[in-house]
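The next block holds one structure in the form of structure tokens; read it before the comments.
No hydrogens, no waters, no symmetry mates; every other heavy atom, side chains included, goes into these values.
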Amino acid sequence: MEAILLVGGQGTRLRPLTVNTPKPMLPTAGVPFITHQLARLREAAVDHVVLATSYKAEVFEAHFGDGASMGLAIDYLTEHEPLGTGGGIRNAATALRGEGPVLILNGDCLSGVDLRALVERHTSTDAVVTLHLTEVADPSAFGVVPTDADGRVTAFLEKTPEPPTNRINAGCYVFGPEAFAAIPPGKVVSLERETFPMLLADGARVSSFVDTTYWLDLGRPADFVKGSCDLVLGIAPSPAVPGARGESLVLPGADVSADAKLSGGTTIGAGARVGAAEVAGSVVFDGAQIADGAVVRASIVGTGAVIGTGVVLDDVVIGDGAQVGAGCELRSGARVFPDAIIPAGGVRFSSDRS
């Protein structure tokens with residue numbers, strides 16, 4: 001089995017975290033996010049993975065190398081000009097080694113889908129493409145994918161106020177050779193708007209695999225925090241979490257005060273220091289410092305950032321190396337960019353501002 005991981009996006013919705021680090025490499029429950037995907041692929045008997053890179057492409061190979069540490073063989077194909085979802089897949093396909101079905105995963109979706117069962121569905125229906133579909137409470141916020149009684153995809157519909165189904169594309173596919181051949185090489189191509197509708201129009205079999213286990217798109221800060229915390233709490237599945245499931249995950253080398261209160265699936269990164277503070281449902285990256293009396297809730301504290309005494313962070317993103325002075329309060333979507341300095345008491349409240 002082979003797989004392609006689409007990891008070329010710039011992660012603009014997660015800025016400022018992605019100023020220095022590509023989105024799929026952000027620490028999530030103690031390891032780069034795609035480590036969880038690679039580990040689940042290995043569990044599903046995949047042995048060769050192609051990473052379709054673009055933004056900060058060098059970071060991936062520097063960390064994973066040839067993939068041996070993950071029990072995989074990993075190749076890297078870089079898009080020097082963005083080619084869209086379809087074009088990126090076509091570019092990465094040049095590094096595939098076989099002719100069997102290929103799993104393709106978006107590099108920002110955390111999922112519990114049974115990958116072996118997904119491949120079995122693909123082969124048993126003799127499909128050209130098989131899509132993992134998940135069900136959401138409010139499908140009007142997504143494009144939806146209706147199917148017939150046999151599970152065959154009948155259309156790809158853009159966002160509409162009255163969608164005919166609550167099933168959406170979950171960003172995980174199985175491709176056969178015909179699917180790759182349907183994408184012209186070297187061109188910008190959208191799977192959702194071009195490739196998939198064209199296959200349907202040509203009468204190709206596009207199958208669905210509906211799975212309603214855990215699924216989350218980690219593209220926004222609040223969802224990134226939730227995904228990391230769900231992994232630590234054991235709500236989201238992954239064999240790659242480096243520790244026991246529970247209220248918190250403290251990585252080796254971190255110094256956490258006995259008076260600190262950690263809860264809600266919080267991760268404290270390697271080398272971080274946490275005083276007598278409250279950290280709930282948050283992600284603290286390596287080397288960050290949180291002083292006594294600080295309260296950090298539903299927030300991300302970047303690598304090497306410094307949070308002063310009595311600071312309150314609630315639904316906030318703090319960039320790498322930033323400093324928030326004593327007594328500041330930041331709430332409701334505030335974002336502090338890397339290396340910024342906020343003086344003591346300088347901010348009491350900020351909403352959806354950087």
Side-chain angles (χ1 to χ4, degrees), residues 1-7 9 23-24 28-29 31-52 70-72 85 89 92 100-125 127-137 139 141-147 150-153 156 165-176 179 191-192 196 205-219 223-224 226-241 245:
M1 279 292 296
E2 295 184 280
I4 293 172
L5 264 177
L6 303 175
V7 294
K23 175 172 60 175
T28 313
V31 295
F33 173 68
I34 63 167
T35 304
H36 301 290
Q37 293 181 309
L38 291 170
R40 295 199 68 242
L41 287 168
R42 188 70 192 94
E43 278 192 332
V46 170
D47 53 20
H48 177 225
V49 177
V50 180
L51 295 191
M70 297 289 300
L72 296 163
T85 49
I89 289 171
V102 178
L103 279 160
I104 300 175
L105 278 68
N106 287 354
D108 56 3
C109 291
L110 179 60
S111 169
V113 65
D114 185 335
L115 295 172
R116 290 176 184 262
L118 176 63
V119 175
E120 173 58 28
R121 169 70 176 171
H122 178 80
T123 56
S124 66
T125 59
V128 173
V129 176
T130 301
L131 284 78
H132 167 210
L133 304 183
T134 191
E135 296 180 349
V136 296
F142 301 88
V144 297
V145 185
T147 61
D150 189 38
R152 188 166 183 159
V153 172
F156 293 88
T165 178
N166 68 338
R167 293 175 177 175
I168 68 168
N169 177 359
C172 177
Y173 323 101
V174 184
F175 269 38
L191 280 184
E192 300 81 3
F196 291 158
R205 171 84 193 207
V206 179
S207 290
S208 67
F209 181 80
V210 181
D211 181 274
T212 56
T213 58
Y214 188 96
W215 180 84
L216 186 66
D217 179 343
L218 273 61
D223 293 324
F224 174 82
K226 176 175 171 52
S228 181
C229 292
D230 284 351
L231 285 162
V232 174
L233 291 166
I235 297 170
S238 171
V241 177
R245 306 301 194 272

So, for [X] and [Y], which heavy atoms are closest and what is the spacing to 0.1 Å?
X    : Y    : answer
G71  : R42  : O-NE, 2.7 Å
R121 : F209 : CB-CD1, 3.8 Å
I168 : V145 : C-CG2, 4.4 Å
A92  : V50  : O-CG1, 3.6 Å
G227 : Y214 : CA-OH, 3.9 Å
Q37  : D108 : NE2-N, 4.4 Å

[atom2] on [Y] to [atom1] on [X], rounded to 0.5 Å:
X    : Y    : atom1 : atom2 : result
C172 : L105 : SG    : CG    : 4.0 Å
H36  : L218 : NE2   : CG    : 9.0 Å
I34  : L110 : CD1   : CG    : 13.5 Å
I4   : I104 : CD1   : CD1   : 4.5 Å
F156 : N169 : CZ    : CG    : 7.0 Å
L216 : S228 : CG    : OG    : 11.0 Å

Heavy-atom distance under 4.5 Å between the side chains of [X] and [Y], does that happen here?
X    : Y    : result
T147 : V210 : no
L115 : R40  : yes
S207 : H122 : no
L38  : L72  : yes
W215 : C109 : yes

Counting only N and O atoms by type, is there a donor-acceptor contact under 3.5 Å from the side chain of [X] to the main-chain atoms of [Y]?
X    : Y    : answer
S208 : G151 : yes
T85  : L191 : yes
D114 : R116 : yes
R205 : V129 : no

Centroid-centroid distance, F196 to Y173, less than 6.0 Å: yes

Contacts of type side chain to side chain donor-acceptor pair (under 3.5 Å), residue D211, not counting sequence neighbours: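 Expected list: T213.
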
Step-by-step side chain to side chain contact (heavy atoms under 4.5 Å, CB included) determination, H132 to S111: CA-CA 10 Å; H132 167 210; S111 169; 3.6 Å; yes

Stepwise side chain to side chain contact (heavy atoms under 4.5 Å, CB included) check, R167 with T212: CA-CA 10 Å; R167 293 175 177 175; T212 56; over 6 Å; no

L6/I89 under side chain to side chain contact (heavy atoms under 4.5 Å, CB included): CA gap, chis, key distance, verdict: CA-CA 7 Å; L6 303 175; I89 289 171; 3.6 Å; yes

Audit row: L103, L118, side chain to side chain contact (heavy atoms under 4.5 Å, CB included) steps and yes/no: CA-CA 9 Å; L103 279 160; L118 176 63; 3.8 Å; yes

